[in-house]
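These notes are about the structure you will find just below.
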There are 2 protein chains.
Amino acid sequence: MTEPTGRRERKKAQTRQSLADAALELFLDRGYDQVGVKDVADAADVSVTTLFKHFPSKEALVFDQDDDLEAALVAAVRDRAPGRSIPQALREHILLARTQLAVHATDPRFADFTRMVRETPALRDYAHRMWTRHEAALALAIAEAVGAPEDDLGCAALAHFALEARGLILRHPEPHRAADEAFALLEHGWTASHPGS
Amino acid sequence: MTEPTGRRERKKAQTRQSLADAALELFLDRGYDQVGVKDVADAADVSVTTLFKHFPSKEALVFDQDDDLEAALVAAVRDRAPGRSIPQALREHILLARTQLAVHATDPRFADFTRMVRETPALRDYAHRMWTRHEAALALAIAEAVGAPEDDLGCAALAHFALEARGLILRHPEPHRAADEAFALLEHGWTASHPGS
DNA sequence: CTGTAAAAGTTGAGCCGTTGCACTTTTTGA
DNA sequence: TCAAAAAGTGCAACGGCTCAACTTTTACAG
């Protein structure tokens, strides 16, 4: 009984799912700021306190756990195609992962969802924090990839800028072009001091 | 009577000052999160409603108006010493302005103040927003300085990264070294596509 | 099975920052 | 002198979030 532990966790997961579903439904329908946590709790037929036992904040109702995010980020650097520079690998990863932290990327209303996140300050900031939280891990991965000391400032700077580039990219009407330009800048600055790819 | 308008504005300014002083005192004494707006209002002998007539939020009690900030930022680019690159000018400006958005830079407890801002998430985020709010203006100033179109992506990227570099710099134990490294990266990436300084 | 104690879940009351409203007082300028 | 503007006040309320207490469910010993 180590993995699919009992019938209890199932109910718990179900309640959690009901909350996430109700929240997405209401938020997309009326707008994030026009829906209170009480509305979500009522729609899922639980109390507000119960809601906060499942999700640490109102914003978290919309995002899934970010555990994989860090691993994927580190892997993008470590397992990059041979000959590909680290900034290039990061540009690619960020453009791809852009659509991956949603609750359900397969939902037909996915476009509405991303628009809501982009236009709601609270959600935008929350998503941004989910990324920057892994800055230290990314800096370490970069340092390992180039054989630099683990607290190397150049690696820390690249990690910082690469993650912050996301904000610039997402709010631009042509994300792909913005990414190219932003990472071209990092690419040149980076290879100047790290000749090896 | 255009400038030192009457005795009324004096009282208003005085009330405002009382609030800022009381807030700083209490925050440094007990810690930002351990003091409620009610405590500050009581200490300044006004009602909570009045407090919010003077300051738009609890965080704003600690920072002065940021009107000059944008002008100084633009000026740092426009009036930089001849031969000095834009990234270099920005590095210098950010290192200098680092200590300038406080209420009273002359206060003997200034070190405690900066430490509090650095360690209190709400204040750290607020200060960060004060900076990034002027990103568009900075991007425009850069574009003008190099004769690029006003929506040039490279200029926007440099503006974005330069302002975001602040976070990296402030949390590092040796801000000066961190600034050198971060802006060296930007410098190389920037001059690669903008040969003229 | 049964009894029991920990764990999980739930609840209502309440804190904190913030806003709106109705009202009094002060200042200003005609 | 009078009226309009502005500053201040108290109160009630809202939204996000937490706490202490209570009820259910599960796990396990006998």
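Per chain, numbering begins at 1; letters A, B, ... match sequence-line order.
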Measure the distance from CD on A:Gln34 to P on D:dG16 and round it to the nearest whole Å.
11 Å

B:Gln14 has an atom CD; how far is it from atom P of C:dT27, in whole Å?
12 Å

Could you tell me if B:Glu164 and B:Thr132 have a donor-acceptor pair between their side chains, going purely by distance under 3.5 Å?
no

In whole Å, what is the span from the CG atom of B:Asp42 to the P atom of D:dT9?
11 Å

Side chains of A:Ser18 and A:Thr15: do they bring a donor and an acceptor to under 3.5 Å?
no

Which comes earlier along DNA chain D counting from the 5' end, the contact point of B:Ser47 or that of A:Gly36, where each point is its nearest nucleotide?
B:Ser47

Criterion side chain to side chain contact (heavy atoms under 4.5 Å, CB included) on A:Thr120 and A:Phe27, from CA distance to verdict
CA-CA 11 Å; A:Thr120 307; A:Phe27 290 162; over 6 Å; no

Salt bridge or not for B:Arg129 and B:Glu59, using N-O below 4.0 Å?
no

Should the ring pair B:Phe113 and B:Phe63 be called parallel, tilted or perpendicular, given that the plane angle runs from 0 to 90° and is split at 30 and 60?
perpendicular

Closest-nucleotide 5' rank along DNA chain D - winner of A:Tyr32 and B:Val46:
B:Val46

Rounded to the nearest 0.5 angstrom, the CG-CZ distance for A:Leu170 and A:Arg118 is 7.5 Å

Using heavy atoms and a sub-4.0 Å distance, could you list which residues of residues 49-57 of chain B are near DNA chain C? By number, please.
B:Thr49, B:Phe52, B:Ser57

From CZ of A:Arg30 across to P of D:dG15 the rounded distance in Å is 11 Å

When rounded to whole Å, the CZ to C1' distance for the pair A:Arg16 and C:dG9 reads 16 Å

Euclidean distance, atom CG of residue A:Asp33 to atom C1' of C:dT18 [Å, nearest integer]
14 Å

Nearest-nucleotide comparison on DNA chain C, the residue closer to the 5′ end among B:Val48 and A:Asp45:
A:Asp45

Out of A:Leu90, A:Ile86, A:Leu158, A:Val74, which one pairs with A:Leu138 under the side chain to side chain contact (heavy atoms under 4.5 Å, CB included) rule?
A:Leu90

Touch check for A:Val40, heavy atoms < 4.0 angstrom, all strands: base, sugar-phosphate only, or nothing?
nothing

To the nearest Å, how far apart are A:Asp39 CG and D:dG16 C1'?
13 Å

Starting at NZ of A:Lys38 and ending at P of D:dC17, how long is that distance when rounded to a whole Å?
16 Å

